[in-house]
Amino acid sequence: SQLAEENLWALSVHEGESVTVNCSYKTSITALQWYRQKSGEGPAQLILIRSNEREKRNGRLRATLDTSSQSSSLSITATRCEDTAVYFCAANYGNEKITFGAGTKLTIKP
Amino acid sequence: NSKVIQTPRYLVKGQGQKAKMRCIPEKGHPVVFWYQQNKNNEFKFLINFQNQEVLQQIDMTEKRFSAECPSNSPCSLEIQSSEAGDSALYLCASSPSGGNYAEQFFGPGTRLTVL
């Protein structure tokens, strides 16, 4: 079945540290997206990385894609308290829909 | 920042009651999605539209759920006879285009509680 899943349910780091969230997916994809959802808000897209790309950056964020291991990672450098959120990967399997993972809850401690 | 508007933000219904929620997509976005997000943060795709036409929907949507996106009116998702298991956050997202690479812009959601 189509699936995208983050590898850890929760992570916690101190402000200023770097953190990486990992994700794995099944079967081939056309693209992999990373979303962030803060409490009381809908998800917001952070990065979209296409299947023929290996890395994408957006400010303090860096996403990688490894199609051979069917995995992706999202790294955040110099974390801030406002980065506290649930981070989702979402896979595009080529049928208009995207399939979300269950999310990794990231807490940035002061 | 997303400009997708969802109303109401909170909805409380008794079992068997109708529950209706609305979504105004971002201006110029012809594609609209509805998702159900449960308390474990898991997403379930329900239905999507391009303009007023249904593109895809799951079986659940066909039975107790109905949705429409009429022209010049908000999109809506209605549960005909609410069940306790329908308690969730209902998210509407719009996209400027279909296809494999289109970003989805989400509203804040309608949190439905079925007592």
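Residue numbers begin at 1 in each chain, while the letters A, B, ... track the order of the sequences.
Of the two parts of B/N40, only the backbone, made up of N, CA, C and O, holds a non-hydrogen atom closer than 4.5 Å to a non-hydrogen atom of chain A. There is no contact between B/Q6 and chain A, counting heavy-atom distances below 4.5 Å. With a threshold of 4.5 angstrom between heavy atoms, B/R111 does not approach chain A through any atom at all. Only the side chain of A/Q33 comes within less than 4.5 Å of a heavy atom in chain B; its backbone stays farther off.
Between B/F45 and B/F33, the ring-plane angle classifies as perpendicular under the 30° and 60° cut-offs.
Nearest heavy atoms, A/T104 versus A/V21: OG1-CG1, 3.6 Å.
Side-chain polar atoms of B/T113 and B/S87 form no donor-acceptor pair below 3.5 angstrom.
Salt bridge annotation for A/R57-A/E55: present, with a cationic side-chain nitrogen under 4.0 angstrom from a carboxylate oxygen.
On the SG-SG cut-off of under 2.5 Å, B/C92 and B/C75 do not qualify.
Ranked by heavy-atom pairs shorter than 4.5 Å toward chain A, the options B/R9, B/Q37, B/E103, B/E42 are led by B/E103.
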